[in-house]
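For reference, the structure discussed in these notes is given below.
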Amino acid sequence: LFLNAFERLRIGIARWKGIGQNAGMNSHRSSVQGVAALVLGTVVLASPHKALSEVSLPHVFGENMVLQRQMEVPVWGKAAPGEKVTVGFAGQSAEAVAGADGRWMVRLKPMEANSEPGTLTVTGTNTIALGNVLVGEVWLCSGQSNMEWPMNRSFQPEADIASATNTQIRLFLVPKNKSDAPTTQIK
């Protein structure tokens, strides 16, 4: 959006400078469009832009997540270059400053497994609060299509579903997305 707005502003200025050079209705229409683009570009550039200023997290972080027990827990994201970011969870607080590319990372100290969920907060110019976060075992599973087969589509699943009582099990599915190059964000 920022580059598009900047480009619109450049085009608006070029059109505005051209007012009166061409005669007729096309000149008037072009002039009005140029002034409109100039005003729009000025408003967009003068207003705070969320994508450039707010602290953000990749989609792997979210409500209901589990952090690995007994290990340092990296938490990372993006913010405005030079922005101070504070991450808090389970009585811990860690700070980082976003680099020139906007990236930042902190590491929370190892924690023991818990059954009481907490809230992980990330604070910069804005605050992100992720609720119902547990500390426990994180397992990474991969395989064929049977690895993503839902329980409710299994053979006669009713009894197994009815007897499932562990509310602390969490599941995070990574969406399928083809990419010809490495990516830092999942959709």
Side-chain angles (χ1 to χ4, degrees), residues 1-7 41 43-144 146-151 164-187:
L1 179 65
F2 180 78
L3 292 177
N4 287 341
F6 186 74
E7 184 64 16
V43 169
V44 170
L45 290 175
S47 63
H49 195 274
K50 288 184 177 185
L52 297 176
S53 63
E54 288 192 350
V55 66
S56 64
L57 295 168
H59 295 296
V60 72
F61 293 101
E63 302 269 330
N64 308 310
M65 69 179 168
V66 178
L67 303 176
Q68 179 60 48
R69 70 182 178 106
Q70 299 177 338
M71 293 183 71
E72 281 189 336
V73 177
V75 180
W76 67 93
K78 288 195 169 193
E83 182 176 348
K84 180 179 148 188
V85 178
T86 304
V87 176
F89 181 72
Q92 293 188 48
S93 181
E95 294 181 352
V97 175
D101 60 357
R103 293 187 296 176
W104 58 268
M105 178 188 284
V106 301
R107 292 184 182 277
L108 298 174
K109 294 176 184 171
M111 297 170 273
E112 291 301 318
N114 67 3
S115 59
E116 290 297 317
T119 300
L120 184 132
T121 59
V122 180
T123 305
T125 56
N126 60 305
T127 298
I128 299 170
L130 304 175
N132 202 23
V133 177
L134 292 174
V135 177
E137 288 297 321
V138 176
W139 292 56
L140 178 64
C141 302
S142 178
Q144 299 294 325
N146 61 341
M147 291 295 292
E148 64 181 336
W149 191 262
M151 181 68 137
T165 58
N166 191 340
T167 60
Q168 295 180 345
I169 293 177
R170 314 293 170 88
L171 180 63
F172 178 79
L173 292 173
V174 177
K176 296 175 187 147
N177 186 29
K178 181 181 181 291
S179 177
D180 293 331
T183 182
T184 59
Q185 182 65 286
I186 57 175
K187 304 292 181 207

May I have the list of side-chain donor-acceptor pairs in residues 57-72 shorter than 3.5 Å, sequence neighbours left out?
| from | atom 1 | to | atom 2 | distance (Å) |
| --- | --- | --- | --- | --- |
| E63 | OE1 | G131 | N | 3.2 |
| E63 | OE2 | G131 | N | 3.2 |
| N64 | OD1 | N132 | ND2 | 2.7 |
| Q68 | OE1 | V138 | N | 2.9 |
| R69 | NE | E137 | OE2 | 2.4 |
| R69 | NH2 | E137 | OE2 | 2.9 |
| Q70 | NE2 | E112 | OE1 | 3.2 |

Do L120 and L108 come close enough that some side-chain heavy atom pair is under 4.5 Å? yes
Is any side-chain heavy atom of F172 closer than 4.5 Å to one of I186? yes
Closest heavy-atom pair, S115 versus P117, reported as atoms and distance to 0.1 Å, is O-CD, 3.5 Å
Kindly compute the distance separating CD (Q185) from NZ (K78), expressed to the nearest 0.5 Å. 9.0 Å
side-chain hydrogen bond (donor to acceptor under 3.5 Å, both in side chains) pairs touching residues 99-111, sequence neighbours excluded, are D101-R103
Heavy-atom closest pair, residues A79 and V85: CB-CG2, 4.0 Å
Of all the heavy-atom pairs spanning A113 and G136, show the shortest one and how long it is. CB-CA, 4.1 Å
Drop me the distance from I128's CD1 to S56's OG, to the nearest 0.5 angstrom. 6.5 Å
So CE of M111 and CG of L134: to nearest 0.5 Å the spacing works out to 11.0 Å
Hey, does V55 have a side-chain heavy atom less than 4.5 Å from the side chain of T123? no
Which heavy-atom pair separates M105 from P74 by the least distance, and what is that distance? SD-CB, 4.2 Å
Applying side chain to side chain donor-acceptor pair (under 3.5 Å) to T125 and not counting sequence neighbours gives E83
